[in-house]
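Read the structure below first, then the notes.
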Amino acid sequence: MNEEIIIAGFGGQGVLSMGQILCYSGVMQDKEVSWMPSYGPEMRGGTANCTAIISDEPISSPVLNAFDTAIVLNQPSMDKFEDAVKPGGLLIYEENGMTRKPRRTDINICSIAAYDESVKMKNTKVFNMIVIGGFLKVKPILDLENVIKGLKKVLPDRYHHLIPLNEEAIKKGMDLIKEENKLN
Amino acid sequence: MKGNEALAEAAIRAGADAYFGYPITPQSEIIEYLMAENPEELTGMVVLQAESEVAAINMVYGAAGCGKRAMTSSSSPGISLKQEGLSYIAGAELPCVLVNVVRAGPGLGTIQPSQSDYFQAVKGGGHGDYKLIVLAPATVQESVDYVKLAFDLAFKYRNPVMILSDGIIGQMMEKVELFEQQPRLTEEFEWATVGKKPNKDSVIVTSLQLQSEEQEKVNLRLQAKYREVEKNEVRYETHNCEDAEYLFTAFGSCARITRKAMEMAREKGIKVGLLRPQTLYPFPVDAFHQLAGQLKGILTVEMNAGQMVEDVKLAVNGQTKVEHFGRFGGMIPSPEEILNAMEQKIIGG
Amino acid sequence: MSENLITPENLVYKKTKSMTDRILHYCPGCGHGTAHRMLAEAIDELGIQGETVGVAPVGCSVLAYYYFDVDMQEAAHGRAPAVATGIKRVFPEKYVFTYQGDGDLAAIGTAETIHACNRGENILVVFINNGIYGMTGGQMAPTTLEGMKSSTSPRGRDVKSMGSPLKITELIAQLPGTYFVTRQSVHTPANVRKTKRALKKALEYQKLNKGTCFVEIVSNCPSGWKMTPVQSNKWMEENMFPFYPLGDIKVPEK
Ligand SMILES: Cc1ncc(C[n+]2csc(CCOP(=O)(O)OP(=O)(O)O)c2C)c(N)n1
Ligand code: SF4
Ligand SMILES: [Mg+2]
């Protein structure tokens, strides 16, 4: 298994921590991992992204141009990374922030209405966990129990009481994710 | 752990006595981590924010002159400011560790990753005939391990050691295994200013010689030391070199991207290997020299306009073709581009 | 209907000439933008846009040269007073200013600042004191208050090991080379007006060749202080002003 993921969106959407949670969860499942953020002033209010790689083998390049999965949470990110999905790969997009549908036909495409769901759950901070849940439904590369362990690593102690809510969010995401284009 | 933070933790664990620094992106996490960890309480290690890089390197000079494990870190513009102090440290033969998390230049440049300080690092950097020992980590793990190695080498040779990292390795997160906490130094070195001993000459830490004859002796001593370093301390890694007809070479983060290109080439049936220098000074001259005979060509991949390629050419000494491929200004080459360059410049060319 | 409203009589706000049309990159509520504007207005009111050369620092205002529509040079971190010295010495007739943050002016550039002022270079130094390194993400500055938290003083500034906040402006005022030294702010309309007056006066004095004019503007950094703009202004009034009191520190003798 070697899963190369790009996650991109606005600064405040928890993009960087999604990558971190996936990577820490990978460590809990004895995988090799690598996490590389975009950094610097371009992050102030602008778009942020990170590359997360989870693999059975030692990881060579931590920076990539083509990905197995792209998770895009706003339109500029879809514009930037839709073409970076490998043929046959996976694109997951959040419905809320988009003004157009993806164009590619040679990849698997899923959508998720995570923002709306997080509002229903009365905590928009779990938005990114809903997306992670959706991703793990389509690509079950990590066990839920390890994701919870990874989450504990990333969340500061004072937020640990929110872990059950996050777990619920992951499960919600698994139910919510919709296939838009499926290759055989 | 994040590369910069892991490196800072390694400094504490290596038993460093002092860190002096000035904030600059993309390495401010080092001083921020140290300030948050407060090692003064754990190990007695001093952490101080200086008013500039010029001040920071001179603080290092002072602490190193006392025989302490002193360290500083910065990124390219700040490293340029430290060159004067480094030259004095090299001249006074003091041990210290310095980290350069390189960003793209010249000038203020961009804060994005780069390898454009290679020349500055391996050729000395400041004025006078001197060398830094230069270690180039390619993983967060190596960033950690090289801190300890750097202190060991610095004291073994009484010479400044630079860890040449870049924005990728500094900012990325990977699994690391941290070594055990090392004790701080208790040894009193006879070259260090620890207070004059009765019946002994006072210790003077200096790089000044008034007589040319004396200065030449110092230079000869330094050169003899560098030859020792060249003999003992070369470190490099090879992959798939046994049957290689072509060779990639790259250091630091760029070597990892290049490794991906090598794997892609192997899948296509191209017999290509990778040589990754881990020490940039001393440079693995013999390794290149020996491999060159079996090779049809070497592609040096760097995030600069062609710097290490000069050392590769010197090492190969005309035995085979050597070309450079680089992206710079903070741009990162992709594995596809690298493979393409190998096919165009070396195999096809 | 809206078109009829856009007439010269109805004009209540106009961009000043010495600022360009570029969108400022500063965080919402940051004092840098207002400070820029006041300096630009002072330049315009004196009609010296074409005779002014500015020097930008390294700090959040590193791109000041995009916003001021005057000739400008970008200095290395802390070296703006030295660069300005070079400019003024070859162009004694021009109006020369530096625009610097506290890290730039009072840490890495202390030597350049003190010596330019001590030589009495006929330049205007505009000093934005926000008590923090805004640009690099909120590290401790020389002017950070005692006990104030930053990313490199996570338990608050401990004056025993990190030194006390540096009142560089008072220090500068001691130097015979300085002619006019004042401390202002830009957080209320009244203070904004006072700041503009001070900047204008300082530029006028430059004509007299009497020495360095130094205008400190105590400012906020909502991002670095991790506050909303409103909170940050309140915090500034309650904490910064008692330590950095506003007002003239050295005024020309009549
Ligand atoms: C030689 C050098 N060292 C460090 C830096 C990194 N750096 C850029 S701006 C800055 C501090 C800026 O703080 P300040 O002058 O207070 O300006 P502010 O951003 O708060 O307006 C630092 C340390 C640099 N660019 N060059
Ligand atoms: S970081 Fe602070 S000083 Fe810089 S633009 Fe933002 S608020 Fe202003
Ligand atoms: Mg500041």
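What you see below is based on every heavy atom in this structure, not just the backbone, and it leaves out hydrogens, waters and symmetry mates. Everything numeric here is computed off the predicted structure, so don't read it as measured data. By convention in this document, chain letters (A, B, ...) are assigned in the order of the sequence lines, proteins followed by strands, and residues within each chain are numbered from 1.
For B:P113, the parts lying near chain A are the backbone and the side chain together; criterion is any non-hydrogen pair under 4.5 Å. Of the two parts of B:E263, only the side chain, counted from C-beta on, holds a non-hydrogen atom closer than 4.5 Å to a non-hydrogen atom of chain A. B:I332 touches chain A through its side chain: at least one heavy atom from C-beta onward sits under 4.5 Å away, while N, CA, C and O do not. For chain B, no part of A:K153 is nearby; none of its heavy atoms comes within less than 4.5 Å. For A:L64, the part lying under 4.5 angstrom from a heavy atom of chain B is the side chain only.
B:R256 places no side-chain N or O within donor-acceptor distance of the main-chain N or O of A:P62, the cut-off being under 3.5 Å.
To the nearest 0.5 Å, atom NZ of residue B:K260 and atom OG of residue A:S60 are 5.0 Å apart. Taking CD from A:E32 and CD from B:E174, the interatomic distance works out to 8.5 Å, rounded to the nearest 0.5 Å. Expressed to the nearest 0.5 Å, how far OG of A:S61 lies from CD1 of B:I168 amounts to 7.0 Å.
When the shell of 6.0 Å around NZ of A:K86 is examined, it contains more than 12 heavy atoms from other residues, nucleotides or ligands. More than 12 heavy atoms of other shown residues, nucleotides or ligands fall within 6.0 angstrom of atom CZ in A:R100. When the shell of 6.0 Å around NZ of B:K271 is examined, it contains 12 or fewer heavy atoms from other residues, nucleotides or ligands. When the shell of 6.0 Å around NZ of A:K139 is examined, it contains more than 12 heavy atoms from other residues, nucleotides or ligands. The number of heavy-atom neighbours closer than 6.0 Å to CZ of B:F179, taken from other residues, nucleotides and ligands shown, is above 12. Within a 6.0 Å radius of CE in A:M174, other residues, nucleotides and ligands contribute more than 12 heavy atoms.
Most heavy-atom pairs under 4.5 Å with chain A, from the set B:E336, B:M262, B:Q171: that is B:Q171. Top candidate by heavy-atom pairs under 4.5 Å with chain A, chosen from B:M173, B:K175, B:M172, is B:M173.
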